[in-house]
Amino acid sequence: MRLRTATAPAVAVAVLALVAAAPADGTAAFEAAVPDRQPTCGTPSASGFPLRTRISGGPAAYRPGGGFHTWTVELTNTTTEPCGNIHPVIVFTDGTRALEPGQIQLEFYEGNGGRQHPVTIERTDESELVGVLDDSAPGGPGTPGSGGDRFRGFVVPPGRTVTVPVRLAFTSDARPDTITANAAIVQRRGGDGDWVGESADYRFALVDEEPASEFAEELPRTGRNVLMVAAASALAFLLGAGTLALAGRIRGRRG
């Protein structure tokens with residue numbers, strides 16, 4: 001197994017092993033390394049891979065049970081040839097190794113306004129949690145008998161970047177933790193697998209409380225401003241009323 005990162009060997013092993021052991025109902029998540037899921041670009045004997053991946057726009061914190069947050073996986077083709085049949089792999093590594101696959105809710109879209117697909121998450125022997133951006137989740141369009149059109153992977157034109165919208169949430173029973181996410185492509189090399197075009201780390205936290213927002217911080221500030229204006233207005237009114245009363249008393253004495 002020829003892989004470039006510490007977590008990649010377990011990921012590629014999981015991809016290949018789970019495909020080999022795929023159940024008859026077609027619900028196995030990891031079909032990215034079978035022949036009809038192979039990228040149409042890149043030479044297995046080459047040291048590099050034409051695609052680069054990048055995770056962009058994700059928040060720094062999630063609250064379990066707090067709903068979905070959206071980010072993107074960017075696929076950049078660095079060559080003059082198109083790349084097709086691309087099925088990125090997302091790998092989650094949690095600090096405590098306590099996070100369960102069912103506690104991760106991951107979805108992706110075929111493009112802006114395109115079809116939405118849930119992603120099945122599986123655990124590797126090294127406790128990484130892995131999902132392929134595919135349509136093989138139970139009930140998805142690629143499930144046998146579903147009647148839907150199969151998602152055939154992303155196509156990245158030469159020298160261009162394709163942006164894949166992704167939504168991520170965690171169930172309410174997930175515990176506070178620190179998590180690292182990575183995106184990459186798995187390329188078959190003979191009977192082997194290689195982790196290629198991997199992204200930089202996207203690190204975030206699971207927290208008990210909803211992360212503060214600028215809007216939430218603005219509300220107290222706005223409230224304080226309103227109170228200050230109201231207090232100043234009231235003071236001006238009282239001073240004005242007192243001045244009028246004093247002037248009335250002076251005129252009375254003169255009369």
Side-chain angles (χ1 to χ4, degrees), residues 4-8 10-11 14 29-30 52-76 87-134 137 154 161-185 195 197-225:
R4 300 192 185 108
T5 69
T7 60
V11 174
F30 299 105
R52 296 175 182 170
T53 62
R54 178 174 179 261
I55 294 176
S56 177
Y62 294 75
R63 182 173 65 86
F68 284 91
H69 291 277
T70 301
W71 36 278
T72 60
V73 175
E74 297 175 0
L75 305 171
T76 299
H87 298 267
V89 179
I90 309 296
V91 184
F92 299 95
T93 306
D94 59 310
T96 65
R97 297 296 197 271
L99 190 64
E100 296 294 333
Q103 293 174 323
I104 300 176
Q105 298 173 319
L106 184 66
E107 302 172 348
F108 76 97
Y109 294 82
E110 293 185 26
N112 292 326
R115 288 187 300 175
Q116 176 184 353
H117 300 282
V119 177
T120 299
I121 305 296
E122 298 282 353
R123 183 187 297 278
T124 72
D125 291 340
E126 299 297 325
S127 295
E128 287 87 8
L129 300 165
V130 187
V132 176
L133 302 193
D134 206 339
F154 295 98
T161 296
V162 168
T163 299
V164 183
V166 173
R167 298 207 312 158
L168 176 64
F170 295 86
T171 58
S172 58
D173 57 341
R175 304 306 306 158
D177 207 339
T178 56
I179 299 176
T180 300
N182 297 93
I185 311 296
W195 171 266
E198 63 267 31
S199 72
D201 291 346
Y202 163 39
R203 295 186 177 92
F204 57 89
L206 288 182
V207 296
D208 283 328
E209 300 297 330
E210 189 71 41
S213 67
E214 293 181 3
F215 179 71
E217 293 173 358
E218 185 65 26
L219 290 177
R221 188 182 305 118
T222 302
R224 288 194 298 270
N225 291 343

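Atoms considered below: every heavy atom in the structure, side chains included; atoms not considered: hydrogens, waters and symmetry mates. Just so you know, these numbers come straight off a predicted model, no measurement behind them.
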Within a strict 4.5 Å, meaning less than it, do heavy atoms of the [X] and [Y] side chains meet?
X	Y	answer
F68	E107	yes
I179	T93	no
R167	Q105	no
V130	I121	no
V164	L133	yes
F108	V73	no
L168	H69	no

*Between E198 and R52, is there a side-chain N and carboxylate O pair less than 4.0 Å apart?*
no
Taking all heavy atoms of [X] and all of [Y], pick out the closest pair and write down the distance.
X	Y	answer
I90	A183	CD1-CB, 3.8 Å
W71	S56	CB-O, 3.3 Å
P176	D208	CG-OD1, 3.2 Å
P101	L129	CG-CD2, 3.7 Å
S127	R97	CB-CD, 3.4 Å

_Check the orientation of F204 and F170. Use parallel for under 30°, tilted for 30 to 60°, and perpendicular for over 60°._
tilted
Taking the side chain from [X] and the backbone from [Y], do they hold a donor-acceptor pair closer than 3.5 Å?
X	Y	value
Y202	P59	yes
R175	P64	no
T96	A98	yes
T72	T163	no
D201	T180	no

[atom1]-[atom2] distance between [X] and [Y], expressed to the nearest 0.5 angstrom:
X	Y	atom1	atom2	value
L75	T161	CG	OG1	8.5 Å
R203	N182	CZ	CG	8.5 Å
D177	L99	CG	CG	7.0 Å
T120	D134	OG1	CG	9.5 Å
I104	Y62	CD1	OH	11.0 Å

*Test V166 against L106 for side chain to side chain contact (heavy atoms under 4.5 Å, CB included), laying out the working first.*
CA-CA 7 Å; V166 173; L106 184 66; 3.3 Å; yes
_side chain to side chain donor-acceptor pair (under 3.5 Å) between E110 and H117, worked out_ = CA-CA 8 Å; E110 293 185 26; H117 300 282; 2.7 Å; yes
